[in-house]
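Everything below concerns the one structure shown next.
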Amino acid sequence: MIFEQVATGGCQSYVIGCEDTCAAAVVDPEASQLDRYLALAARHGLRIRYLIDTHTHADHFSGSRELARQLGVPVVMHRASPAPFVDMRVDDGEMVVVGNLRLEVIHTPGHTRDSMCLAIADRLLTGDTLLIGATGRTDLPTGDPEALYDSLVNNLLKRDPALAVYPAHDYKGQGSSTLGRELAENPRLKIAGREAFVEQMRNLNLTMPRHLTEALRTNLSGGKTVGQLIGEAAARVPFMSMAEVKQRLATGLGDLVVLDVRERDAYEEAHIPGARLIPRGQLELSVNTALPDPTRRILCYCELGKVSTLAAATLRDLGFTRAVALDGGMIAWQASGYPVRSGKEP
Ligand SMILES: [Fe+2]
């Protein structure tokens with residue numbers, strides 16, 4: 001078995017491959033690591049056959065849907081998953097067959113209703129059901145401490161103590177544990193009895209994950225994160241450095257149209273000298289009158305460099321093949337002490 005653990009902050013994902021057949025699965029892929037999974041698979045001579053999420057993640061962005069789309073392979077989740085784009089729904093006691101590997105599904109509700117663990121040979125991928133020295137929290141949508149108690153005490157923890165434990169979160173960089181070690185040392189499991197366990201889970205008082213709303217929105221719908229949207233735009237536009245623009249300003253802009261895509265009040269407060277103004281929200285409907293020549297070289301900028309990236313991509317969609325975005329934004333421009341003007345558009 002080829003087994004690679006990929007850490008993204010505290011999130012752990014796994015590339016699991018069969019050496020005999022070159023088939024592989026990625027478990028809990030993170031949206032920002034798609035190139036890494038593809039590169040790891042290529043390095044090992046593997047072909048990814050399944051994208052598996054152990055549950056609906058509320059704290060990070062799943063890469064399953066996008067990678068599945070790129071590769072034309074199914075997204076696998078538990079039957080109880082509310083996500084409409086799941087291609088292969090699985091249930092307790094079933095197996096996902098990856099070449100000669102057998103990934104056994106163990107339904108372990110508690111952290112979420114759709115949580116599952118995967119047993120593969122000598123190890124368990126425990127998702128957010130069992131972590132190293134902790135358990136998944138039960139205070140997020142569909143969480144249930146009673147169910148988690150049953151999933152752990154009456155199911156997972158009854159398995160062979162020698163099994164290795166690979167969780168979906170590991171904030172301390174420990175990598176893996178064993179069921180036996182968790183039984184002996186995990187403080188959350190030392191609480192005796194269902195009531196005490198439930199009481200403990202109800203009183204953890206954890207802070208809400210940073211991207212809860214966006215993670216649930218995208219993971220449940222298969223829609224894009226804002227970061228993905230900007231990333232896709234950035235992948236198809238060139239950028240110009242602030243130093244290059246400053247130098248061009250000094251020698252005259254020539255054929256370069258510098259386009260401020262912020263709102264009017266921001267423009268009038270401070271803008272790049274000679275810049276024109278079309279707020280991003282008006283871009284599509286204003287171009288015909290404001291920028292009749294699609295062969296003009298146009299540099300978009302905004303406050304941070306994100307909206308300008310979207311604007312440059314939109315202009316390219318509209319046929320402005322020389323639209324580029326500033327590598328930076330007005331905040332960085334001003335912090336660099338570069339020249340600015342205030343007042344209305346000339
Ligand atoms: Fe989770």
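What you see is a predicted model, and the numbers here were worked out from it, not measured in a lab. Atoms within each ligand, like the ligands themselves, are counted from 1 in listed order. Values reported hereafter were calculated over all heavy atoms of this structure, with side chains retained and with hydrogens, waters and symmetry mates removed.
The Fe ion (ligand 1) has no N, O or S atom of D59 closer than 2.8 Å. For a distance bound of 2.8 Å, the N, O or S atoms of H55 include one lying that close to the Fe ion (ligand 1). Among the backbone and side-chain atoms of H111, an N/O/S atom is found under 2.8 Å from the Fe ion (ligand 1).
Side-chain contact, D128 with H169: a donor N or O sits under 3.5 Å from an acceptor N or O.
Side chains of M242 and S336 form a contact here, defined as non-hydrogen atoms less than 4.5 Å apart. With a 4.5 Å cut-off on side-chain heavy atoms, I16 and M1 count as touching.
Within D128, the N, O or S atom at minimum distance from the Fe ion (ligand 1) carries the name OD2.
Taking all atoms of both residues into account, the shortest heavy-atom contact from P273 to L253 is O-CD1, 4.2 Å.
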